[in-house]
Amino acid sequence: MSDLENELRRHFGYRSFRPYQKEVVESVLAESDTIAFLPTGMGKSLCYQLPAKLMTGLTIVVSPLVSLMEDQVIQLRSKGEKNAAHLSSLLSNEERRFVLKHLNRWSLLFVSPEMLSQQWLVKKLAARKVSLFVVDEAHCISQWGHEFRTDYLRLADVRKSLGQPVCLALTATATQEVEEDIVSKMHMVRPERFRAPVNRGNIFLQVHTCENEYEKQREFVKYLQGFAQPAICYAGTRQDAEDYAHLAAKTGGLRTAYYHGGVSKEDRIMIQQQFLNDELDMICATNAFGMGIDKSDIRTIIHLYLPQSVEQYLQETGRAGRDGGQSAAKMIVAGDDVRLSLRMLQRDLPDSRIIASIFPGGLYHRPFWNETAELAGLEDIYHRMLHFYLEQAGALKEGKWDYTVQTEEIKERLLERFRRRRFEKERQYKKMQEFLNKDTCIRALIRDYFNEEPESQLSLCCNVCHPNSQVDAKMNAGSFQTDSAPVNGSGSWRNMLQTILRQSEET
DNA sequence: CGGCATCACTATAGAGTGATGCCGGTGCACTATT
């Protein structure tokens with residue numbers, strides 16, 4: 001047994017590594033920047049938890065969701081780990097001060113990219129030796145960083161300020177392009193790369209196109225007859241998530257709930273836990289649901305909208321069948337859905353009219369950025385995105401326009417950047433639209449997209465190869481063993497709920 | 001893009017018509033001088 005395996009046993013009680021874990025840990029310990037693509041449920045977190053134990057300095061883990069951070073810390077603490085903490089708005093001021101005051105105590109610290117964008121915090125952290133800088137769910141850099149959460153694009157600077165510690169990027173799914181995006185945005189140097197295949201042979205893929213919404217509902221109801229549970233049903237809008245949850249409850253007699261960004265935090269936690277505890281047959285949700293969901297026996301993923309990219313489709317369908325059991329991904333879309341997704345991804349970026357109006361010479365331009373943004377009626381996301389890019393380009397300094405720089409040139413560059421980005425998003429979306437062609441094997445499309453080798457013949461590939469098949473409830477009954485990996489103890493959600501209740505009492 | 005809510009207008013007193021405008025997923029953080 002090697003040293004590393006001894007350490008694994010000593011610290012975590014496992015006898016052996018899962019695929020890729022050892023290689024990733026070794027790479028990190030050898031101080032190489034590392035990027036790893038591991039399906040969720042393959043023990044990604046061990047890839048930094050073990051190095052955190054073995055390295056002398058602090059390990060910082062950048063995580064996209066505060067609830068994930070909190071959950072992780074609670075889990076670690078429940079296993080007796082005292083050196084993990086997180087820093088987020090979920091903490092009270094007092095708790096935050098405590099975490100900062102005792103920085104030397106932690107070996108693992110979870111933070112959001114937004115937190116790390118605060119200079120004072122980085123300064124504080126820099127006072128300690130940071131050995132490892134982890135970006136969990138690293139596809140967020142590429143998927144969200146450009147528009148929605150630009151603080152992801154500051155992480156390379158943060159890392160630099162912390163003395164350029166080794167960087168480890170972890171994600172489940174990424175194309176070559178996203179991979180390169182992560183490498184470049186994080187300023188990784190000749191990173192080691194580890195990639196588990198994205199293809200999941202146990203998921204039967206189906207796409208059904210409809211003429212209209214009415215037909216879509218009919219197909220949905222029809223599909224509910226005898227489909228395998230539990231299921232996640234992804235809808236394109238919050239309204240749809242609610243409506244289809246009711247429809248499934250009414251016509252299929254299912255225990256359903258809906259989940260989206262407009263649902264209160266308490267309800268979201270409760271719904272998620274009911275789902276994990278098999279008290280729900282189906283969750284109808286927007287894409288708000290899914291990240292960090294550790295449930296291995298999800299049998300069916302239904303899509304009622306067209307995802308914006310093949311990666312997104314794979315992220316979502318990949319939540320099914322992690323236990324290896326036969327599962328299904330069924331997409332039911334109508335023409336309107338195709339237009340809706342397109343419109344949404346186009347709206348992620350401000351159009352040239354808006355850009356022109358805020359620059360010097362534009363109708364809404366004012367010396368102060370905030371005033372400019374308010375006058376132009378910029379919504380929050382545009383406000384912060386443009387602020388980021390303008391500051392980066394040197395057009396804004398401390399919230400004020402700098403007229404000594406060539407703003408006209410900056411404007412042109414910005415417009416060009418957005419044009420290219422929009423083109424890229426539309427290109428990704430077009431790839432997704434190819435799934436609607438009724439004569440191409442869906443798995444072959446995915447395989448080509450990710451440059452993977454064909455696998456051996458599957459008995460249930462997709463509805464092009466195997467029309468008229470359906471994965472039903474009977475198929476899995478007792479036919480396989482569930483994953484023996486440790487899953488969330490039921491104690492953890494009670495803890496989380498308590499934490500939240502405590503907070504609402506405090507405020 | 002397309003579905004909707006709102007509003008002005010019409011023709012006659014409550015409701016119908018058409019024009020216009022807006023919205024549609026995702027989340028973090030909103031504190032500091034000791």
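Numbers restart at 1 for each chain; the letters A, B, ... are given by sequence-line order, proteins then strands. Since the structure is predicted, the reported quantities are computational estimates derived from the model, not experimental observations.
- dC9(B) and dG16(B) make up a base pair, with Watson-Crick or G-U wobble contacts both under 3.5 Å.
- Geometrically, R159(A) does not engage F133(A) in a cation-pi contact defined by less than 6.0 Å to the ring centre and at most 45° from the axis.
- Backbone-only contact: R268(A) has heavy atoms under 4.0 Å from sugar-phosphate atoms and none from a base.
- Applying the 5.5 angstrom centroid cut-off and the 30 degree plane-angle cut-off, the aromatic ring of W144(A) is not stacked upon the base of dT26(B).
- Among the atoms of the strands shown, only primed sugar atoms or phosphate atoms (P, OP1, OP2) are found under 4.0 Å from some heavy atom of P64(A).
- Between the side chains of H139(A) and T171(A), at least one donor-acceptor pair of N or O atoms lies under 3.5 Å.
- In this structure, R97(A) reaches neither bases nor backbone, as no heavy-atom distance under 4.0 Å exists between it and the strands shown.
- Residue D336(A) is in sugar-phosphate contact alone, with no base atom involved, counting any heavy-atom pair closer than 4.0 Å across all strands shown.
- Counting any heavy atom pair closer than 4.0 Å across all strands shown, S88(A) reaches sugar-phosphate atoms only and no base atom.
- When heavy atoms are screened at a 4.0 angstrom cut-off, L121(A) is found touching no nucleic acid atom at all.
- Nucleotide dC30(B): unpaired (no Watson-Crick or G-U wobble partner with both distances less than 3.5 Å).
- In the set dT26(B), dA29(B), dG27(B), the nucleotide with an atom closest to the side chain of R149(A) is dG27(B).
- The distance from atom NE2 of H187(A) to atom SG of C167(A), rounded to the nearest 0.5 Å, is 11.0 Å.
- L65(A) comes within contact range of the sugar-phosphate backbone alone, with a heavy-atom separation under 4.0 Å but no base atom that close.
- The residue N212(A) sits apart from the nucleic acid: no heavy atom pair falls under 4.0 Å.
- Pair assignment for dG3(B) gives dC22(B), based on Watson-Crick or G-U wobble hydrogen-bonding distances that are each under 3.5 Å.
- Remark: the R96(A) side chain and the dT31(B) base include a donor-acceptor N/O pair separated by less than 3.5 Å.
- Counting non-hydrogen atoms under 4.0 angstrom, Q118(A) reaches the backbone sugars and phosphates but no base.
- A glycosidic torsion no more than 90° from 0 defines the syn conformation, and dC30(B) adopts it.
- Note that K295(A) lies in the cation-pi zone of F275(A), set by a 6.0 Å cut-off to the ring centre and a 45° limit from the axis.
- When heavy atoms are screened at a 4.0 angstrom cut-off, R347(A) is found touching base atoms of the nucleic acid.
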